[in-house]
Amino acid sequence: TPSSSDVQLTEEAVRRYLIRKPMTTKDLLKKFQTKRTGLSSEQTVNVLAQILKRLNPERKSIGDKMHFYLTE
Amino acid sequence: SSSEADKMAAALEAELNDFM
């Protein structure tokens, strides 16, 4: 149930992760697993996409994979 | 499952590719 969620997918939460270290889309999705946020897969993808568009993080390739990151 | 995670990552990347 949504009331059991212990993680919230918010812009501030994403910002904190991306300031700490570069992350791939998969890394981010792991931080906001549906079973922890109570969101559906589709909601998670849509909300995370909107947040990333707003944050407009820097991008770099590490080991062939695109990573996002932010500087303070 | 990891395949569900893969699908979500692919969907997210597709959304962002339009933007980037």
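Here is how names work: the chains are called A, B, and so on, in the same order as the sequence lines, proteins then strands, and each is numbered from 1.
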List the atom pairs, with distances to 0.1 Å, where a side-chain N or O of residues 62-72 of chain A and a protein N or O form a donor-acceptor pair under 3.5 Å, not counting sequence neighbours.
{"residue": "A:H67", "atom": "ND1", "partner": "A:K65", "partner atom": "O", "Å": "2.8"}

Open item on the list: I'd like to know whether CD of A:E42 has more than 12 heavy-atom contacts from other residues, nucleotides or ligands below 6.0 angstrom.
Closed with: no
Open item on the list: Is A:T34 close to chain B through its backbone or its side chain, or both, or neither, when contacts mean heavy atoms under 4.5 Å?
Closed with: side chain
Open item on the list: Please classify the contact of A:L29 with chain B as side chain, backbone, both or neither, using a heavy-atom distance under 4.5 Å.
Closed with: side chain
Task: From NZ (A:K26) to CD (B:E13), nearest 0.5 Å - done: 9.5 Å
Open item on the list: Are there over 12 heavy-atom neighbours, none belonging to A:Q43, within less than 6.0 Å of that residue's CD?
Closed with: yes
Open item on the list: Please give me the minimum heavy-atom distance between A:K53 and B:L16, naming the atom from each residue.
Closed with: CG-CD2, 4.2 Å
Task: With A:N46 via side-chain hydrogen bond (donor to acceptor under 3.5 Å, both in side chains) - residues at least two apart - done: none
TODO: Give, for atom CD of A:Q33 and atom CD of B:E4, the distance between the pair rounded to the nearest 0.5 Å.
DONE: 11.5 Å
Open item on the list: Under the side chain to side chain contact (heavy atoms under 4.5 Å, CB included) test against B:L12, which residue among A:L28, A:T24, A:T25 passes?
Closed with: A:T25
